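Please read these numbers as outputs of a predicted model, since none were measured by experiment.
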Amino acid sequence: MVRKMGVYAVLAFVLYGLFFYWYLFYFADTKLPFEYEGSKADPSTFLNGRELDLSEDYSKIRNLLFFLSTPFEWLFYFLILLFGFSKAFKRWAENTSKYRLLQTAIYLIWLSFFAFVATLPLNYISYSLSKTYHISTQTFASWMKDELIDFWINYGTWLIIVPILYWLMKKSQKRWWLYGWLLSIPFTIFMMFLQPVVIDPLYNDFYPLKNKELETKILTLADKAEIPAKHVFEVNMANKTNALNAYVTGIGSNARIVLWDTTLNRLSDNQILFIMAHEMCHYVEKHIYFGIGGYLLLSLLGLYLTYRLMNWAARRFGKELKISDVRDIRSLPLFFMILSMLLFVASPLTNLTSRYEEKRADRYAIEMTKNPEAAITSFQELTRSGLSQVNPPFLVKIFRYTHPPMLDRISTLEEYQVKHRNEQ
């Protein structure tokens, strides 16, 4: 039975992968609707023929890797349970130490190490792809360093969460999910506060914007938006990527508006001011706090469903998965697998919410800067630098896109430009 379940799981993953290969490479139509041909949203008006071909090829492969990576994670955790590796990790931990907390730490390091090794090939393919298409400028050593930082941050985070989670399971078999969620609220807020000042600097160097003339313009814009900002931060990314980005991170006094140095190097001041106004909208309309609230509500539902599904799986397939009790640490791969599935299922909803906020931020930025040409050309340059599709396939949009596709963003700005011109 165990071997049959393993074969079925691998076969399901292969069929899933073939479906998305067919969908992305043969079925999905990314051609521009005829009414947008020749408009400023038409990539043929701002990309040359080679860039058009590269953006299509790169996007298809990158999207395929995205759709493969998450279900591969499910397959990994399922096989870890099915073939008794989780049971072996627990036995190795118990043979190494007699202390329960240390046993959990040892179990976690084995599970984390196997997961790291299993997912490394797909991560390397993604890195290699971005190097081939000249998106990434990062050396292998630098990329590997970031992968190891990811590993230890994830391990440290779960080393805090997992012992508490399984202690709650033992104390309250029916309510652990609720108590776990209540404890996650201060933890989530603490991590959001910590992110910009402790975690982010592990990957890159952050410093106040060196261009003081541009900083004055940005701070003037911030003052107009009634944002009490004293600094704008730039981050050294040119040694890792050719892509452009800017973002808001953190909460409270640790909130930061950050510009990549690649953005500073390739965009004009007016284009950067539009992007900054966009980011300021997230602060003004408190999108970060709404995001935290939405995340906490979804995590409450997610933990409850995880509790129900874990108990169902243990009753139905406990023998095959080597799980006699969900309160046993051996059930952790099942917890990770179910949580990952629920996150994937919820992503269309969370992405939809994010796209709505980003659309509002675009509108806020154009109303503040009154420079549609700078806005349009900044989006065109973002498309070129990231080799992104202007009109992505439907499934890619709903599962991947936290921002509206460039077709929507540029065409909206072009409509504003025409309307503004007619009013003058």
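- A donor-acceptor distance shorter than 3.5 angstrom exists from the side chain of T137 to the backbone of A238, with no hydrogens or angles considered.
- Although no hydrogens or angles enter the test, the distance criterion places a donor-acceptor pair under 3.5 Å between the side chain of S331 and the main chain of D328.
- The existence of a salt bridge linking E381 and R384 is confirmed by a sub-4.0 Å separation between a basic side-chain nitrogen and an acidic carboxylate oxygen.
- By the 30° and 60° cut-offs, the orientation of the rings of Y304 relative to Y307 is tilted.
- S128 contributes no side-chain N or O that, together with a main-chain N or O of I125, makes up a donor-acceptor pair within less than 3.5 Å.
- Note on ring orientation: taking the six-membered ring where Trp is involved, the planes of W22 and F19 are tilted (angle from 30° to 60°).
- When ring centroids are compared, F89 and F114 come within the 6.0 Å threshold.
- Taking the six-membered ring for Trp and the full ring otherwise, F379 and F274 have centroids separated by under 6.0 Å.
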- Message: Evaluate E358 against H287 for side-chain hydrogen bond (donor to acceptor under 3.5 Å, both in side chains), listing each step before the verdict.
- Response: CA-CA 9 Å; E358 296 298 336; H287 291 166; over 6 Å; no
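- Using cut-offs of 30° and 60° for the angle between ring planes, the F140 and Y124 rings count as perpendicular.
- In summary, of the residues considered (F76, W110, F151), a ring-ring contact (aromatic ring centres under 6.0 Å, His included) with F116 occurs for F151 alone.
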- Query: Can you check side-chain hydrogen bond (donor to acceptor under 3.5 Å, both in side chains) on N204 and K240, steps first, answer last?
  - Reply: CA-CA 10 Å; N204 302 292; K240 290 186 176 183; 3.0 Å; yes
